[in-house]
Protein chains: 2
Amino acid sequence: MARAGLTVERLARAGAELADEVGFDQVTVTALARRFDVKVASLYSHVKNSQDLRTRIALLALRELADRAADALAGRAGKDALAALGGVYRDYAREHPGRYEAAQLRLDPETAAASAGVRHAQMTRAILRGYDLTEPDQTHAVRLLGSVFHGYVSLEMGGGFSHSAPDTQETWTRILDALDALLRNWPAPAP
Amino acid sequence: MARAGLTVERLARAGAELADEVGFDQVTVTALARRFDVKVASLYSHVKNSQDLRTRIALLALRELADRAADALAGRAGKDALAALGGVYRDYAREHPGRYEAAQLRLDPETAAASAGVRHAQMTRAILRGYDLTEPDQTHAVRLLGSVFHGYVSLEMGGGFSHSAPDTQETWTRILDALDALLRNWPAPAP
DNA sequence: GGCGTTTGCCTAAACCTATTAGGTGAATGC
DNA sequence: GCATTCACCTAATAGGTTTAGGCAAACGCC
């Protein structure tokens with residue numbers, strides 16, 4: 001009986017590829033077993049269950065995304081950094097739609113706290129050091145940037161902006177312009 | 001044989017309730033049949049299949065959301081209208097998390113075009129009439145607002161901002177302030 | 001190099017969910 | 001009062017998930 005050489009890491013990686021090919025919600029223990037030419041039950045020696053598998057794929061995607069972001073941010077500041085971070089999310093979603101979906105999976109609090117998710121928040125906060133925001137405003141701005149990037153990418157991926165002029169690249173750069181302007185001139189609370 | 005009185009509308013409505021209770025991805029033909037105390041196969045006289053059922057729930061949610069938005073926008077303009085629209089999305093997601101998830105379902109283009117989704121875009125555009133934006137910029141701004149609202153609500157729902165100070169209500173109002181300021185002073189393209 | 005232990009994969013079986021085909025009986029319409 | 005339609009049924013197939021228990025290859029050890 002030849003062994004297929006399954007490991008948790010290989011399963012997660014293959015699951016991520018499968019997600020990009022057929023969509024994250026189509027990633028199934030059965031499909032993954034087929035891909036390794038192995039019986040379904042064999043996977044259960046490596047992952048606890050279907051949910052566990054999905055979680056591992058999500059963690060992989062978060063890690064990849066954070067690594068890319070760290071690379072892209074190296075040596076950049078201000079609007080340059082802002083555009084770089086946004087670009088990383090957008091490009092990753094286009095190249096790896098299934099992984100990007102996976103990164104959106106709801107994790108339970110402890111798992112989330114131990115994930116690369118915290119690096120994402122740290123990097124966003126680092127970008128804001130290039131702008132002049134005091135502490136509570138910095139948090140508000142972190143949340144705004146998270147919302148815009150996540151919201152834009154997921155709407156664009158879902159075809160929300162599809163086939164309407166002007167094209168989405170133009171909108172994307174103008175949104176980055178707008179965010180930069182906003183951060184350079186963050187308004188005081190409305191009266 | 002007593003009849004349960006199934007119709008497509010009742011199925012969609014019950015499916016929406018079920019979604020709010022157990023999550024949209026747990027809405028299954030089987031669970032819905034149980035709820036009506038009817039055999040699973042009976043539902044197939046009313047909906048084509050599981051996907052069809054989900055789509056109908058999504059369309060219901062989009063319609064409800066658009067109705068609420070139209071109500072909230074009546075008689076408002078400018079920042080008032082902006083806050084009202086955002087509030088509708090945020091409140092709906094909190095009251096009806098399953099329906100809100102459903103509203104995010106990817107629809108095929110023809111279905112989307114016939115859905116209440118177009119009313120949402122129209123309403124967002126209507127709000128922008130209170131600001132001074134020329135045509136291509138209006139589209140960019142529509143997309144920005146869509147991104148922020150959708151992104152913020154889905155991150156907040158997913159616990160993305162959880163247990164960190166300051167509280168999310170504060171952030172929400174400051175984001176509305178920021179968007180208002182941005183729209184009143186929309187920047188020209190960066191050089 | 002044989003020997004026990006661990007490890008990796010298997011078979012088998014139980015249990016969900018989705019979907020189709022082919023009924024039956026109650027309500028409806030002329 | 002009969003035909004038709006409609007609402008629901010039984011039965012069967014096909015996949016996905018998960019657990020229990022088994023066997024054989026690989027590993028550690030003397």
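Within every chain, numbering begins at 1; the chains are lettered A, B, ... in the order of the sequence lines, protein sequences first and strands thereafter.
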Euclidean distance, atom [atom1] of residue [X] to atom [atom2] of [N] [Å, nearest integer]:
| X | N | atom1 | atom2 | value |
| --- | --- | --- | --- | --- |
| A:D37 | C:dC9 | CG | C1' | 12 Å |
| B:D52 | C:dT19 | CG | P | 10 Å |
| A:L32 | D:dG15 | CG | P | 18 Å |

B:S42 side-chain N/O to D:dC9 phosphate OP1/OP2 under 4.0 Å: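 For B:S42, the contact criterion (side-chain N or O under 4.0 Å from OP1 or OP2 of D:dC9) is met.
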How long is the gap from [atom1] on [X] to [atom2] on [Y], to the nearest 0.5 Å?
| X | Y | atom1 | atom2 | value |
| --- | --- | --- | --- | --- |
| A:H120 | A:H150 | NE2 | NE2 | 12.5 Å |
| B:L105 | B:L62 | CG | CG | 9.0 Å |
| A:L60 | A:T55 | CG | OG1 | 12.5 Å |

Where the side chain of [X] is concerned, which of [options] is the nearest nucleotide?
| X | options | result |
| --- | --- | --- |
| A:T28 | D:dC9, D:dT17, C:dT17 | D:dT17 |
| B:L6 | D:dC8, C:dA18, C:dT11 | D:dC8 |
| A:T30 | D:dC9, D:dG16, C:dC9 | D:dG16 |
| B:A41 | D:dT17, D:dC8, D:dA11 | D:dA11 |
| A:K39 | C:dT19, C:dC10, C:dC9 | C:dC10 |
| B:H46 | C:dT19, C:dT17, D:dC8 | D:dC8 |

Scan A:S50 against the nucleic acid and name what it touches under 4.0 Å (heavy atoms): base, sugar-phosphate only, or nothing.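 Result for A:S50 = sugar-phosphate.
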Within the 4.0 Å heavy-atom criterion, would you say B:S45 contacts the bases, only the backbone, or no part of the nucleic acid?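 Base, at least one base heavy atom under 4.0 Å.
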Using the six-membered ring of B:F24, assess whether NZ or CZ of B:R54 lies under 6.0 Å from its centre and within 45 degrees of the ring axis.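 Verdict for B:F24: a cation-pi partner in B:R54.
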Axial bend angle, the helix from C:dG1-D:dC30 to C:dC30-D:dG1: five-pair end segments, nearest 10°: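 Terminal axis comparison yields 10°.
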